[in-house]
Structure formats: structure tokens, C-alpha cells
Amino acid sequence: MHALKVTRAEDFPEWYQAVVREADLAELSPTRGSMIIKPWGYGIWERIQSELDRRIKETGHENYYFPLLIPLSFIAKEADHVEGFAKEMAVVTHHRLKAIDGVLKPDPEAELAEPFIIRPTSETIIGDAFSRWIKSYRDLPLKLNQWANVMRWEMRTRMFLRTAEFLWQEGHTAHVDEADAMDETMLALEIYRSFAEDFLAIPVVAGEKPENERFPGAVRTYSIEAMMQDGKALQAGTSHYLGTHFAEAQNIRYQDKDGAQTLAHTTSWGVSTRLIGGVIMTHGDDDGLRTPPAVAPRQIVIVPMLRGKPEDADLKAYCAALAKELGALTVFGSGLRAFVDVKDAKPADKRWDWVRRGAPLICEIGPRDAANGQVTFIKRNALREGEKIKSHTLARADFVAQARQLLEAMQAELFAEAKTRLEANIRADFETFADLERHYGTEDKEGEFKGWVRVCWSRPTGAALEEVGERLKALKLTIRNAPLAQPAAFGKCVFTGAPAVEEILIARAY
RNA sequence: CGGGGUGUAGCUCAGCCUGGUAGAGCGCCAGCUUUGGGAGCUGGAUGUCGCGAGUUCGAAUCCCGCCGCCCCGACCA
């Protein structure tokens, strides 16, 4: 009997919802399209924040903070940018409420002269500041980052994957020229790749987005793409080289060494709470989430087998001492997070709560363990042997000595499992569009696992690319990216038969 | 915003066709029993049946409108 009522195989979207609820990650809020992130889910985000923040600072960036509200006129400054975001904007138009016929409404007499938009991203207001901060080549590069909430009025929302309001980090930088800005763009992409793989145990493919998938206003957009357990792709991070588009629109110029006024080259890059959706769909199983140890808010949870008797006190003391000893250890670069669950509930229920949340190591310690100086535990990533729960027992001193290694091994095992799945499910033997049609079909069962394909193409642009997009759309496919790692020679374009110049990944996507 | 589904207790759902005092299981609370693993027995609490307006003596049930959620499409981190 599994801890969730629905399995991945039966109904993947339902299973996803079940994990979010049963692992106590988040719930819907009264605010349409926005969610309440609960402690276990927010704890994962806090771990993501602190580690990513460290890596961002380590590479020469500083944090700052811009306002939530942006003057409406700002968004209009870059043409592609407006087109990309205008359709999903929340607008603030009044500054006062008034009871009209007993109903509170925006006071018609309190309409703002210029409305504000709630930021969907901050390029425009940050560009405005950059134009004032940057005067000389000596001011460059300018490498800044902010942690913020943003809002995009999405038609259809899904917990963590696409919500109207979401949390993210947005890096914005300015440079003297394209070469320097491109170095920065690729640096950010590499930060995301290594972070996703090392810390979230999510293997990804880093590459460049095709022209039609670029960020509005970008010259080049790069992404990391992860494979979910239903074979669909999740864009888990993006990095953009913006060229001089925003510099032109907002007059970001510096005086170069020869005294000339020169346009700066800018970049922007971000990852969001969507990463948590990626963690769920990469590592979850039919018993709930398996939280990668590096981001688990609690890495070792100790459940004492309390029986409501006097000897409980000894058992609690034993568990508290064990937690303290574990807490003094260091793992993944910070203090080990151990927790004793003394909630007045049945031990079996507590165990399953932690299984669903995906605490990496769950210790179940009874009086006999305490008396013998041992620790009985289950490993969340290898919970079962057949249908039965597999438990392990170690002498207490050995458990403490091995705790760090157990967590590191689990992190590595989760990554290896996902990496194997990714590599086993990218087909690279398709040469024509007919091969794609045969593989993905049009009549296939909804949600059937299809994986990704890696094919050659001639990189058409403009109308020709539009047509490629339409043909793929008929199969519910999109081009994810052109991986950075490319072979030396190419075959023929699957779309046109012309000589190819690049390999691309094609997949169904979130 | 278009197509499909759905909305009844904290959760999963029955009841609706054929109108007549609101149900089950799980969970929750209390007591007792049990105690190395998702326990048993007994008792108990919990609902403006998504919202609004109709038809009717009477609406969870029929009609109309609106809204939320889920899936698909369009759009996107």
C-alpha cells in the first residue's frame, strides 16, 4: 500500500497535485492563481535561496531591491518587451476605496494620473536606474541581483509550475561590449546548470533557445531543460543576452576610454519557485516526495516510539541527544538539520507524514534501540524492498559517523537515477519529420511517456521557422534548445532536408 | 479566452435522472483497550450541498446566470 492514493502511472497530473498536498508543500489561496507556500515547501525554497545566493555573490554580484510597482509608461519602452508582457499584466489604478451603495469600490475620485503595473519582471525599471548609475566605462561591469516576487496574469495556473504570483531571483548586469555580456550570460547559465545538478539533483541540458522561444526583447536566450518523469521538459532556468535593446530604449550609455558615448550591453537571468515543481516531478514517487538531502528543510527526522509511559522520558532524552550530536555535523556546506518529532501523535502516522514529505532519513527509535545504543532508520530514496518497508539498524556511534555519508550518497543516488532516465529517453536516431510523427503520433494515449528527441536542423528563421513551429505544434511539440555540446558534423535537417548546422532537442513541455 | 469535466463535512465521494427534514468511508475530538510499526472498540462534533436569481407548498436535486478547480488548446518561468 502506497502513501498516495494515485500513482504516477495512473494519472501523472493528479499524482503531482497529490504530492503538493500530501507532502504539505503548498495549497491554493483565496487569491486566484496564487498559492500559499507552506513551511515544508518554503523551507525548500529557503535552501534554494541561500545556496544560490551564495553562488551568485561568489561570482561577483551584489543584491539590491526594486519596487513592486512600475510606472505603466516604463513597460512601453521596449517594443518586443511590451508585446510579450502586455497581455498578462496586473494594473494598479486607484489609491483609495470608497463605499458606494454599501459596496467597497475603488474611489472614482482617487484614480491615479499614471497607473502602475505590478512587475512581471524588472528590466524596465532597472534599466531606468542603470541609465543614471552608469556614466563611465569605469562603472562597468555592473552586476546586480534581486530576490523578489513577480506577477503575470496567467490564463492557466499550476502549483509551483505556473502561478500568477511567484518568487524568483532576477539578475541584471551591464557590460562594455557583447563579448563581456555574453561571458556573463554563459556564467549565469553555468551557475544554474551546476546548481540544478549538484544541489537539486536534477540533471539538465543547457542550450540556446531558438529565435521563436526567446525572451521578449532578448538577442539570445539560453535555458536549462530538465526531464520530468512523464517525459515532458521543464524549463528550469533562463539566461538572456539583451544586446543593446534595453540600452537603446532606456539610454544606458557610458563614456568609453576615447570619450565617446557608447551603448552598454545588458543581460538578465532568473530561476523561480518553479524549481520546486521540478524537484517534485524529478524525485517524487508513489509514496510522495523524495526531497534531495541538500535542500531538505529537515534532513534527518527522529520519531521516538513514545508509548505514553514513564520510560518515554528516557527515550526522548536519547533522541534529543542523538539530534544534538547530528546537528553538530556539517553536510553540503552547512550544519546538518536534524529534528526530533515529539508531536503527540501516533508514531506510525508521523512516520508516514515524513515519508510523504520526503525527509531523507527517518529514524524510528524505540526503547530497545535506546537500551542497546542503536538507531533504526529508513532511507527515503530506497524505502521499500518489494512492497515492504526496508529498515536498517546501526550502532548509534556508527550512525552518527556515517550520517553525512548516507545523505551525500542519497543525493548522488537521486541524481544518478534521474540522469539515467534522462539519457535513456533522448532518442537521437530520427532523420525525418515522418520519424517524429511516427514516434509522437497524434492519437497517442494522453500522458504516455515519449521522452525527448535530439535531431539535426538547418536553423531556419522568420516565416520558415514559424512553419516548423506549426508542424511541431500539431504533435504538441516544441523546440527546447540547441544543447551547448554539439557534434563536429551534422546530417540533414529533419524539417527541410537541407544540410543541417545544429542539433536541437524537441519535446513536449510544461 | 475556446473545448471537456467537476463543485455536497478537513479529505475521497454517494445522493441529483424520478423534488419531500443531509449521507458513507477516512480524518478529527473523548474514553477504554493495544503498543517495534499506517491498531481495536464505544461514544461524539463538524455542512448557508460553490454563489446568485427563478419554478414550486417544498430545491443538493429542475431552469437561468455567474464563479472556482482539474484536463486539453492558445500563452508563458
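All values reported here derive from a predicted model rather than from experimental measurement. Numbers restart at 1 for each chain; the letters A, B, ... are given by sequence-line order, proteins then strands. FYI, side chains are in, hydrogens and waters are out, and symmetry mates aren't considered; it's all heavy atoms of this structure.
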K209(A) NZ to A77(B) C1', in whole Å, measures 10 Å

Cationic tip of K38(A) above Y42(A) ring, under 6.0 Å, 45° of axis: no

Do R480(A) and T478(A) have side-chain N/O donor and acceptor atoms under 3.5 Å apart? yes

Just to be sure I understand the rule, does K473(A) reach a base, reach only the sugar-phosphate, or reach nothing, if contact means heavy atoms closer than 4.0 Å? sugar-phosphate

Counting the atoms with a prime plus P, OP1 and OP2 as sugar-phosphate, which does G33(A) contact under 4.0 Å by heavy atoms, base, sugar-phosphate, or nothing? sugar-phosphate

Single hit among T185(A), T221(A), T267(A), T266(A) for side-chain hydrogen bond (donor to acceptor under 3.5 Å, both in side chains) with H240(A): T221(A)

Complement of G44(B), any strand, by Watson-Crick or G-U distances under 3.5 angstrom: C28(B)

Under 3.5 Å for both donor-acceptor distances, Watson-Crick or wobble: does G38(B) have a partner, and if so which one? none

By nearest nucleotide on RNA chain B, pick out whichever of P13(A) and A164(A) is the more 5' one. P13(A)

Could you tell me how far C70(B) sits from A59(B) if I compare only their C1' atoms? Round to whole Å. 27 Å

Nearest-Å distance once atom P is located in both A60(B) and G50(B): 10 Å

Do R459(A) and W457(A) form a cation-pi contact, if we require the NZ or CZ to be under 6.0 Å from the six-membered ring centre and within 45 degrees of the ring's axis? no

Testing the 3.5 Å rule here: is there a donor-acceptor pair between the side chains of E184(A) and H61(A)? yes

What's the gap between C13(B) and G7(B) when it is taken at their C1' atoms, as a whole Å value? 12 Å

Per atom distances to the T376(A) side chain, the nearest of G37(B), A77(B), C72(B) is G37(B)

Return the nucleotide paired to U56(B): Watson-Crick means purine N1 to pyrimidine N3 with N6-O4 or O6-N4, wobble means G-U with N1-O2 and O6-N3, both under 3.5 Å. none

Categorize G366(A) for me: base, sugar-phosphate, or nothing, with a 4.0 angstrom heavy-atom threshold over every strand shown. base

May I ask which nucleotide in the shown strands pairs with C49(B), Watson-Crick or G-U wobble, both distances under 3.5 Å? none

From C71(B), C75(B), C72(B), pick the nucleotide closest to the side chain of E88(A)? C75(B)

Distance check, C1' atoms only: U48(B) and U42(B), in whole angstrom units. 32 Å

In this structure, how many angstroms lie between the C1' atom of A74(B) and the CZ atom of R162(A), rounded? 12 Å

In terms of side-chain heavy atoms of Q235(A), which of C70(B), C75(B), A77(B) is nearest? A77(B)

Are a donor atom and an acceptor atom from the side chains of R396(A) and N372(A) found within less than 3.5 Å of each other? no

Using atom CD of E154(A) as one end and atom P of A77(B) as the other, report the distance to the nearest whole Å. 8 Å

Rounding to the closest angstrom, what is the interatomic distance between U61(B) and C16(B) at atom P? 12 Å

Could you work out the separation of U21(B) and C49(B) based on their C1' atoms and round it to a whole Å? 14 Å

Taking side-chain hydrogen bond (donor to acceptor under 3.5 Å, both in side chains) as the definition, give me every residue that meets it alongside R214(A), ordered by chain and number, with sequence neighbours left out. none

Test item: side-chain donor near acceptor, S122(A) and E170(A), under 3.5 Å: yes

F66(A) and Y64(A) aromatic ring geometry - parallel, tilted or perpendicular at 30°/60° bounds: perpendicular

To the nearest 0.5 Å, tell me how far L25(A) CG sits from W40(A) CH2. 9.0 Å

Please classify the nucleic acid contact of T163(A) as base, sugar-phosphate, or nothing, using heavy-atom distances under 4.0 Å. base

Under the criterion of centre distance below 5.5 Å and interplanar angle below 30°, is W168(A) classified as stacked on the base of A77(B)? no

Would you say a side-chain N or O of R156(A) is under 4.0 Å from OP1 or OP2 of C1(B)? no

Given atom OH of Y16(A) and atom P of C72(B), what is their separation to the nearest angstrom? 13 Å

For the side chain of R368(A), counting heavy atoms from C-beta on, which of A77(B), G36(B), C70(B) is nearest? G36(B)

Under 4.0 Å between any heavy atoms, over every strand shown, what does L161(A) touch: base, sugar-phosphate, or nothing? Just pick one. base

How would you summarise protein contacts on nucleotides 7-12 of chain B per nucleotide, using B for base, S for sugar-phosphate only and - for none, with heavy-atom distances below 4.0 Å? ------

Taking the cut-offs as 6.0 angstrom to the six-membered ring centre and 45 degrees off its axis, would you call R471(A) and F433(A) a cation-pi pair? yes

Quick one: which of A74(B), C72(B), C69(B) gets closest to the side chain of L28(A)? C69(B)

Could you verify whether a donor N or O on one side chain and an acceptor N or O on the other, from E225(A) and N481(A), lie under 3.5 Å apart? no

Quick one: look up who G68(B) pairs with, Watson-Crick or G-U, both distances under 3.5 Å, and put none if it's unpaired. U6(B)

C1(B) pairs with which nucleotide, Watson-Crick or G-U wobble, both distances below 3.5 Å? G73(B)

Ignoring the backbone of E364(A), work out which of C72(B), G37(B), C70(B) is nearest its side chain. G37(B)

Annotated protein contacts, base or backbone, on nucleotides 38-51 of chain B with a non-hydrogen cut-off under 4.0 Å, one of B, S, - each: BB------------

